[in-house]
Protein chains: 2
Amino acid sequence: MQQIFKHYPIQVIGQEGFAVLTERQRMILNAIVDDYIRSAEPVGSRSISKRGGVGFSPATIRNEMADLEELGFLEQPHTSAGRIPSTKGYRYYVDHLVKLEEVNEGDLQRVRSFFAKKMNQMEQIIQHAAMILSNMTNYTSIVLGPETFDNSLKAFQLVPLNDSSAVAIIVTNTGHVENRTISIPPDFDMSELEKVVNILNTKLAGVPLHRLQSKLFTEVGEELGRYVDHCEMIMDSLGKALSSESEHRVFLSGASNMLTQPEFKDVDKVKTIMDWLDETPVLMKAFTSLPSGIQVRIGSENDHDAIHTCSLITASYSIDGKSLGTIGLLGPTRMDYGKVISLMDVLSKDMAVLLGRWYK
Amino acid sequence: MQQIFKHYPIQVIGQEGFAVLTERQRMILNAIVDDYIRSAEPVGSRSISKRGGVGFSPATIRNEMADLEELGFLEQPHTSAGRIPSTKGYRYYVDHLVKLEEVNEGDLQRVRSFFAKKMNQMEQIIQHAAMILSNMTNYTSIVLGPETFDNSLKAFQLVPLNDSSAVAIIVTNTGHVENRTISIPPDFDMSELEKVVNILNTKLAGVPLHRLQSKLFTEVGEELGRYVDHCEMIMDSLGKALSSESEHRVFLSGASNMLTQPEFKDVDKVKTIMDWLDETPVLMKAFTSLPSGIQVRIGSENDHDAIHTCSLITASYSIDGKSLGTIGLLGPTRMDYGKVISLMDVLSKDMAVLLGRWYK
DNA sequence: GTTAGCACTCACTGCTAACGAGTGCTAACG
DNA sequence: CGTTAGCACTCGTTAGCAGTGAGTGCTAAC
């Protein structure tokens with residue numbers, strides 16, 4: 001067994017920009033990350049040596065650990081403490097070493113039975129998905145609802161409430177419903193309102209939401225003017241109502257799970273993270289323009305300082321290659337990557353299927 | 001000055017079930033609560049004595065403090081520490097001593113300019129109101145949206161998405177919009193759908209939402225059957241869609257503010273509170289069946305153990321005596337009652353006015 | 001009724017010593 | 001030459017201990 005591990009010179013750089021690690025170094029790194037993920041305590045050479053399947057003395061392990069530290073894969077909180085993985089170490093682990101666990105039968109059951117439930121509101125689905133994810137992982141989940149950007153108008157309705165206001169309702173081809181209260185001019189009567197709605201429906205059906213506003217003014221405005229007086233005010237209200245439309249909704253769940261992690265027993269640290277979570281715009285920024293599939297951002301790889309001690313795993317759920325939204329999971333860098341990644345894979349795919357049915 | 005304060009025997013019980021306190025005791029209790037609210041540290045006799053307007057030596061104060069403790073208004077964390085108010089002490093303070101501060105000009109400006117903004121979605125208003133409240137107080141705000149219970153149906157729309165599903169939209173007299181996706185039988189065509197919608201609109205307009213479902217089956221079902229085949233399935237879908245309707249929406253803001261309070265530097269304590277905040281149903285229970293006006297629940301007066309170290313101030317906002325919803329503010333028992341109560345008073349009233357305009 | 005004086009309590013601070021987990025280095029081993 | 005045993009060293013952690021100071025309760029005097 002011992003011959004397997006040759007002690008190669010270590011500064012050779014591989015194609016990923018990483019030094020090529022010997023098989024033994026990989027094994028040790030793997031052991032350290034696994035241990036640390038479990039215990040949250042610096043890992044010493046002795047505990048690695050005592051592991052089953054490791055045939056080396058603590059001294060040998062120490063030598064390798066010193067090398068791995070020099071290469072930047074490990075860190076030492078202080079002299080005379082064990083080693084913990086650095087961001088680079090986690091990165092290597094995630095890229096090359098992590099064994100994706102099969103999602104355990106119980107968890108799989110829970111996900112499946114969740115998605116089997118019939119839910120009649122998209123918001124409900126997303127909210128519950130966020131909840132189930134945070135429950136199963138004990139981390140904090142962040143789910144971004146489906147983007148309405150690519151959606152198109154299915155139907156438009158205007159329901160008068162009283163003399164001066166009405167509710168404008170927009171239904172998209174995906175079944176998503178947006179509504180705004182708008183004010184209508186005082187000398188505007190029912191029959192005219194009906195005309196307006198009819199024109200809007202015939203002219204705007206099928207138009208993508210993001211082009212709705214411009215279309216409203218260019219093509220429809222003219223024609224509308226022919227039939228209806230005082231339409232400027234209505235147009236104005238509608239325009240305003242539509243412009244604020246593309247607000248994403250962010251669903252958070254299990255933020256308090258952060259408090260259970262030993263690395264966050266310091267209240268101040270948690271505070272900065274919580275504040276970050278509260279700022280929806282920043283959150284959105286971290287989520288948008290992510291490549292599809294599962295992305296792992298470890299520690300300092302994250303753009304925002306507040307979560308430099310966290311890892312953020314995101315999985316965009318998509319259908320026919322079109323991205324619908326994003327599931328995110330925030331935890332300490334010391335995350336159970338093996339379990340979480342595969343779980344999110346399952347969840348995002350199931351979610352895509354479920355929402356896909358919706359969209360058809 | 002010293003003659004003013006007579007030292008009456010102290011076990012006399014007043015009409016509120018409280019011992020009648022001498023003027024001096026009231027003054028001391030008031031001073032202690034004020035001090036503790038500011039400093040979060042046990043208050044000693046010396047610091048009270050040194051205050052302006054107090055003409056007594058520490059020893060005298062100590063005697064009174066001992067009496068107040070015996071009466072249950074004060075507590076001692078340990079011998080040789082100062083006193084802190086007990087729940088009963090806060091209660092007396094809130095009921096008899098607190099001086100409601102005028103809302104300061106800046107804050108008032110912020111509230112007013114917030115409510116002057118035109119918002120076109122009720123959710124937006126409520127969400128922002130929660131935010132402004134938590135920002136201004138540095139506590140955690142919880143806002144319950146207007147109850148839909150008393151609302152009635154204004155209009156009903158059914159927008160087909162494809163062969164097998166449609167979006168049912170309900171608009172209430174208050175401009176609130178609810179929507180659900182329902183499935184429709186495969187052999188069901190457009191003209192029939194229109195008939196259904198027409199019948200539903202004529203029959204159900206003005207019906208209170210909570211009676212919608214029963215009405216649907218008793219009165220409408222029969223008539224509907226006359227015109228339309230296969231209506232059981234539609235009815236069923238509709239019934240289901242309506243039944244889950246009355247879900248309250250809870251808006252939280254500033255949960256992380258909890259972390260700034262020194263009494264919550266202990267992570268475990270915060271955890272239980274956060275968990276409590278996460279459980280919407282429990283939250284709702286704490287909010288419903290509250291008398292209107294401003295309610296203060298101090299420490300152990302709260303039903304749930306998790307917030308025995310917190311105070312919960314609620315203000316229901318109502319119009320024409322009809323309760324619309326509730327604003328809540330959660331902080332440590334050591335809350336700045338004087339400031340917060342008057343602020344919530346302003347906010348709830350302004351909110352009622354704003355939403356009142358909506359409802360008309 | 002009020003207050004000065006005093007002994008007592010107890011959290012908190014700073015200091016030292018002992019402990020132990022873990023390291024780096026060196027020399028010996030196969 | 002890779003591996004390993006041995007050993008000195010580092011450094012965080014813990015326990016013990018004396019000193020400090022804020023605060024109390026009690027008593028006796030004003």
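Letters A, B, ... are given to chains in the order of the sequence lines, protein chains preceding strands, and every chain is numbered from 1. Keep in mind that the numbers below use all heavy atoms, side chains included, and drop hydrogens, waters and symmetry copies. Owing to the predicted nature of the structure, the values given are computational and were not obtained by experimental measurement.
Between the CD atom of Q25(A) and the P atom of dT3(D) there is a distance of 11 Å, given to the nearest Å. At whole-Å resolution of the value, CG in L68(B) and P in dG25(D) are 12 Å apart. As a whole-Å value, the separation of E41(B) CD from dA22(D) C1' is 11 Å. Residue I61(B) contributes atom CD1, which lies 10 Å from atom P of dT2(C) at whole-angstrom precision. As rounded to whole Å, 14 Å separates atom P of dG12(D) from atom CD1 of I84(A). Protein atom CG of L74(B) is 11 Å distant from nucleotide atom P of dG25(D), rounded to whole Å. Atom CD in E64(A) sits roughly 8 Å away from atom P in dT3(D) (whole-Å rounding). Distance, I28(A) CD1 to dT3(D) C1': 12 Å, rounded to whole Å.
The backbone N or O of E105(A) sits nowhere less than 3.5 Å from a side-chain atom of R110(A) that would complete a donor-acceptor pair. Checked by atom type and distance alone, the side chain of N257(A) pairs as donor or acceptor with a backbone atom of S134(A) at under 3.5 Å.
The aromatic rings of F73(A) and Y92(A) sit perpendicular to each other, their planes meeting at more than 60°, with 30° as the lower class boundary.
Mapping A59(A) and H78(A) onto DNA chain D by nearest heavy atom places A59(A) closer to the 5' end of the strand. Residues T60(B) and A66(A) both approach DNA chain C. Their nearest nucleotides, taken by heavy-atom distance, put T60(B) toward the 5′ side.
Note on R51(B) versus D35(B): salt bridge recorded, some NZ/NE/NH1/NH2 to OD/OE distance being below 4.0 Å. A salt bridge links D95(B) with R91(B): the closest approach of a Lys/Arg side-chain nitrogen to an acidic carboxylate oxygen falls below 4.0 angstrom. E263(A) and R334(A) are joined by a salt bridge, as a carboxylate oxygen and a charged side-chain nitrogen come within less than 4.0 angstrom of each other. Of the charged side-chain nitrogens involved, none lies within less than 4.0 Å of a carboxylate oxygen, so that R83(B) and E75(B) do not count as a salt-bridged pair. Between D275(A) and K271(A), at least one side-chain nitrogen of the basic residue sits less than 4.0 Å from a carboxylate oxygen of the acidic one, meeting the salt-bridge criterion.
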Requested in this report: Fill in the dot-bracket string of DNA chain C, one character per base: . for unpaired, | for a pair to another strand, ( ) or [ ] for pairs within the strand, taking Watson-Crick or G-U pairs under 3.5 Å.
Outcome: ||||||||||||||||||||||||||||||
Between the protein and nucleotides 19-23 of chain C, which nitrogen or oxygen pairs come in under 3.5 angstrom?
unit_1	atom_1	unit_2	atom_2	d
dT23(C)	OP2	S45(A)	N	3.2
dT23(C)	OP2	S45(A)	OG	2.7

Protein-nucleic acid N or O pairs under 3.5 Å, nucleotides 14-19 of chain D:
none

Requested in this report: Give the C-alpha distance, both sets of side-chain angles, the deciding distance and a yes or no for side chain to side chain contact (heavy atoms under 4.5 Å, CB included) between L347(B) and I327(B).
Outcome: CA-CA 9 Å; L347(B) 196 67; I327(B) 308 176; 4.2 Å; yes
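For the atom pair CZ (F287(A)) and CD (Q295(A)), the distance works out to 11.5 Å, reported to the nearest 0.5 Å.
Residues Y337(A) and I298(A) have side chains in contact (heavy-atom distance under 4.5 Å, counting atoms from C-beta outward).
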